[in-house]
Number of protein chains: 2
Amino acid sequence: MASADQGNYDHVGLNSARARVRMKVPSVAERVAEELRYQLAEGFLVPGAKLTEATIAEDLGVSRNTVREAFAELAAERLLLRQPNKGVFVATLEAGDIHDVYTVRRAIEVSSIRAGGSPERIAAVRAAVEEGKRAAAADNNEGLGSANQHFHGAIVALAESNRLDTIMAQILAEMRLYFHKATMNAHFYSDWLKENEQICSALEAGELERAGDLLLAYLNRSEQQQTAIHGA
Amino acid sequence: MASADQGNYDHVGLNSARARVRMKVPSVAERVAEELRYQLAEGFLVPGAKLTEATIAEDLGVSRNTVREAFAELAAERLLLRQPNKGVFVATLEAGDIHDVYTVRRAIEVSSIRAGGSPERIAAVRAAVEEGKRAAAADNNEGLGSANQHFHGAIVALAESNRLDTIMAQILAEMRLYFHKATMNAHFYSDWLKENEQICSALEAGELERAGDLLLAYLNRSEQQQTAIHGA
DNA sequence: TTCGCTGGATTGTTCAACGATCCAGCAATC
DNA sequence: GATTGCTGGATCGTTGAACAATCCAGCGAA
């Protein structure tokens, strides 16, 4: 759930006078959820795969109840699908889901960029663009992917809304799951690299309408492409 | 989470040849969550109140683990706040939360209405407007509140996106919790009654831009009012 | 007053158990 | 042969109990 502020706290740096920061010590359930999220993002767990409570519990060395709690969290994020008395499965792309996801993105990304943002937040968008350029120069496909996600996350962050940030984080997690690296070839990336640049420039120049239009066009085209690859 | 399609199923209507519909038989955890949601919406549980696992478990006659699962679900919906090793509390309005909520609403409601919708969906918006009128005529304050929620829910439903619908449902649940009936006096309602009418008319006439502008103006004003009542 | 300790309460997590439900396979039937 | 019905095994849903970890209020000592 990328849920709010949960997690245990533990005093660390008992020796250091300054670093008396409260560091998170996530609960076991939280760590299980994190591990599963990781495996989902990495493509270890493919859509449709069945996750048996007992198996996961044994594999991770935790109790079945704890796994259950993690499942509930991921099901709330739409990453897992719970089918009562049958089990939990990695979410699969249903008909209309692509359009659904992009509808949400259009709503929150375009609205966020049209409202502009503080210089710091705009700088974060710029940083994501540069991150993408560096990854492209280094021919780092992996890095290109995350740079793009950072870019769109930074756009939503312009609105300074925790709730929007959470929603966007979930959507991006879904996209990592569905549109896995395999489907994201380099050709795909080079397209939007310069497009991100344009959007960012428009944003920096205060041309919010134009930035929104460009972003909207990108999202529409991206939806088309994804629809072409996967089913409707 | 108003989470996806969970729940047990049970064949009912064994006698009827036609009504072989699969009816939901929610799990115990789901029913507990539903009960808590109800109590939250009704103001039985006020923001900040502490919910002790053992107490709730005993009150509802279920196991502590089951309560835990319900808590997790409501925490994912931001209705409850989990503080590790301290307990779960009914969510409270923090600084910036009002702006946060309205930012989400602006994003998804305005974007939904600007995209228009099928005649059926538009008819649903109209139905919510009429529902409000009837409630006003009957001097039914309670009914006015839900009519307004139906109205805004119907606007988001224009986009035909399950995800947006879920998000909106959660936001509305939060608003029921925070801005309880007490703060929603009749004066408040009469304002937007005609406003909803205007928005709906513009929508029906295909004047989507204008409908969006009206809706946006309403949301901005509503945010101001709420901010005036509660803190920033 | 401040600090540190202690005890009680609550949460986090585990474990074992049992009924309910689903599913695949097989047998009986038409 | 196709349908129906049964059966056993696997898994889920839920419970109850248990114990460690953590927090908090209260109390006493410096």
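Keep in mind that the numbers below use all heavy atoms, side chains included, and drop hydrogens, waters and symmetry copies. Letters A, B, ... are given to chains in the order of the sequence lines, protein chains preceding strands, and every chain is numbered from 1.
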Provide, to the nearest angstrom, the distance between the CZ atom belonging to F71(B) and the P atom belonging to dG12(C). 10 Å

Rounded off to whole Å, could you give me the CD-to-C1' distance for the E58(B) and dT15(D) pair? 15 Å

Send over the distance from R31(B) CZ to dT14(D) P, rounded to a whole Å. 8 Å

Quick one: is dG16(D) close enough that its OP1 or OP2 comes under 4.0 Å of any side-chain N or O from R64(B)? no

Option passing side chain to side chain contact (heavy atoms under 4.5 Å, CB included) with M168(B) (candidates D165(B), L172(B), T166(B)): L172(B)

For S161(B) and L164(B), indicate whether the former's side chain and the latter's backbone hold a donor-acceptor pair under 3.5 Å. yes

Rounded to the nearest angstrom, tell me the gap between atom CD in E53(A) and atom P in dT21(C). 16 Å

I need the NZ-P distance between K50(A) and dT11(D), as an integer number of Å. 6 Å

Does T55(B) reach the main-chain N or O of L51(B) with its side chain, forming a donor-acceptor pair under 3.5 Å? no

From C-beta outward on S27(A), which listed nucleotide comes closest to its side chain: dT13(C), dG16(D), dG13(D)? dT13(C)

Compare the minimum distances between each of dT14(D), dC12(D), dT14(C) and the side chain of T66(B), then state the nucleotide with the smallest one. dT14(D)

For atom CZ of R82(B) and atom C1' of dT22(D), their distance in whole Å: 15 Å

For E30(A) and dT11(C), give me the distance from atom CD to atom C1', rounded to whole Å. 16 Å

What is the distance, rounded to the nearest whole Å, between atom CD of Q83(A) and atom P of dC23(C)? 9 Å

Checking dG13(D), dT11(C), dT14(C) against the side chain of R68(A) (C-beta onward), the nearest is dG13(D)

Kindly point out which of dT21(C), dC15(C), dT10(C) is positioned nearest to the side chain of N65(B)? dC15(C)

Indicate yes or no: does R37(A) engage E34(A) in a salt bridge with an N to O separation below 4.0 Å. yes

Among dG12(C), dT14(D), dG13(D), the one nearest any side-chain atom of N85(A) is dG13(D)

Would one find a side-chain N or O of K86(B) under 4.0 angstrom from OP1 or OP2 of dT11(C)? no

Nearest heavy atoms of G48(A) and T92(A), plus distance in Å: N-CG2, 3.2 Å

